[in-house]
Amino acid sequence: MLSFLVVSQTFLIVTPALLVAQGYIVVERMMSFVGKEYGFTDHNEITRIFLGADVVAILMQAIGSSLLTEARGDLYQAKVAKKILVAGLLLQIIPLGIYFCLAAAFDFRSSRDPALRVYGTQMKGLRKLWIVFYVSAVLITLRTIYRAVEFAEIAPGPRGIYDPDTYLFTHEWPLYVFDAVPIWISIVAFSIWHPGAYLPNRNGLRIDGTYHEPQGWSLLRWYGIRKRGQRGVVTGTPASSTMALQGV
């Protein structure tokens with residue numbers, strides 16, 4: 001029975017981190033579709049960095065939750081597991097907050113460019129994805145804060161488990177309000193406004209119909225000067241925005 005408890009607790013804790021990774025990928029595709037010149041750095045590079053941080057957070061949360069669940073009579077293991085788990089939750093919150101700001105800056109700059117107004121239909125579709133990402137990021141952040149506070153209250157005792165007298169562990173409603181509901185809303189929102197309905201099938205196609213071929217990994221360039229073609233190679237003949245959306 002303990003093995004089933006370990007698996008269930010691990011999935012409950014790490015699942016939101018997978019939703020965070022999904023949000024990173026969706027935003028990266030939107031940046032690629034609109035044009036990375038609106039960002040402060042290369043969208044491929046920044047996404048790799050934050051995805052890497054999210055993978056580390058997932059591993060830390062999985063390891064910490066499994067060790068904590070299995071810490072029966074081992075006080076030292078319970079204390080170590082608590083530290084690993086809380087650190088993994090914090091590692092998820094901080095990069096997500098930074099990425100949220102970078103994504104919002106990109107959205108702000110691109111949505112106010114008169115050159116993109118001719119692609120009104122596509123930009124309206126992307127606006128739905130931006131809103132879904134913002135809502136999902138805020139909900140997942142609130143959920144992760146709740147989980148971090150919950151496990152920070154853990155006080156390993158002689159049996160190597162948490163103190164059963166803490167409020168969050170003795171009341172069921174916070175689990176539904178701060179964990180189940182936010183994750184449910186995020187999943188439903190991305191299911192209704194699915195990225196596949198608003199983004200091209202072929203990665204690298206731009207909203208103007210051209211194809212952008214990334215040149216691989218390079219050092220981060222922290223500036224926001226818009227210079228077309230400076231951070232990659234744009235090839236192909238511009239096509240209609242409808243063709244770009246269809247992935248032709």
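Taking 4.5 Å as the limit, every side-chain heavy atom of Val34 sits out of range of all side-chain heavy atoms of Tyr119. Residues Tyr146 and Leu168 have side chains in contact (heavy-atom distance under 4.5 Å, counting atoms from C-beta outward). Arg127 has its side chain within reach of Ser111: a pair of non-hydrogen atoms, C-beta onward, lies under 4.5 Å apart.
Hydrophobic clustering of Ile, Leu, Val, Met, Phe, Trp and Tyr side chains at less than 4.5 Å, counting indirect connections, unites Leu126 with Ile192. Note on Leu12 and Val181: separate hydrophobic clusters, where clusters join Ile, Leu, Val, Met, Phe, Trp and Tyr whose side-chain heavy atoms are under 4.5 Å apart, directly or indirectly. Trp184 and Ile131 fall within a single hydrophobic cluster, where Ile, Leu, Val, Met, Phe, Trp and Tyr are joined by side-chain heavy atoms under 4.5 Å apart, directly or via other members. Under the 4.5 Å side-chain contact rule for hydrophobic residues, Leu142 and Val188 share a cluster. Linking Ile, Leu, Val, Met, Phe, Trp and Tyr whenever their side-chain heavy atoms come within less than 4.5 Å leaves Leu19 and Val14 in two separate clusters.
Between the CD1 atom in Ile145 and the CD1 atom in Ile140 there is a gap of 12.5 Å [rounded to 0.5 Å]. Rounding to the nearest 0.5 angstrom, the gap separating the OH atom in Tyr198 from the CZ atom in Phe33 is 13.0 Å. Leu18 CG to Asp54 CG: the interatomic distance, rounded to the nearest 0.5 Å, is 7.5 Å. Rounded to the nearest 0.5 angstrom, Leu199 CG and Ile25 CD1 are separated by 12.0 Å. Here the CD atom belonging to Glu150 is positioned 7.0 Å from the CG atom belonging to Leu175, to the nearest 0.5 angstrom. If you take CE on Met30 and CE on Met123, they are separated by 10.0 Å, rounding to the nearest 0.5 Å.
Applying the under-4.5 Å side-chain rule to Ile, Leu, Val, Met, Phe, Trp and Tyr, the cluster around Leu59 extends to Val55.
Between Ile183 and Pro16 the shortest heavy-atom distance is CD1-CG, 3.6 Å. Here the closest heavy-atom approach between residue Ser65 and residue Ala62 is recorded as OG-O, 3.1 Å.
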Let me check something: any side-chain donor-acceptor pairs from residues 84-105 under 3.5 Å, sequence neighbours excluded? List them with distances.
residue, atom, partner, partner atom, Å
Gln92, OE1, Gln61, NE2, 2.8
Gln92, NE2, Thr144, OG1, 3.0
Tyr99, OH, Tyr24, O, 3.2
Tyr99, OH, Thr47, OG1, 3.4

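With Val26 as the fixed residue, the side chain to side chain contact (heavy atoms under 4.5 Å, CB included) test singles out one of Trp130, Phe133, Phe190: Phe190.
A salt bridge links Arg206 and Glu37; the closest N-O separation between the charged side-chain nitrogens and carboxylate oxygens is under 4.0 Å.
Checked by atom type and distance alone, the side chain of Lys82 never pairs as donor or acceptor with a backbone atom of Phe151 at under 3.5 Å. Ser136 places no side-chain N or O within 3.5 Å of a backbone atom of Val132 that could act as its donor or acceptor partner. In this structure a side-chain-to-backbone donor-acceptor pair under 3.5 Å is missing from Arg143 to Asp179. His171 places no side-chain N or O within donor-acceptor distance of the main-chain N or O of Trp173, the cut-off being under 3.5 Å. Proximity of a side-chain donor or acceptor of Thr141 to a complementary backbone N or O of Ala137 within less than 3.5 Å is detected.
Asp107 and Tyr134 share a donor-acceptor pair across their side chains, judged by distance under 3.5 Å alone.
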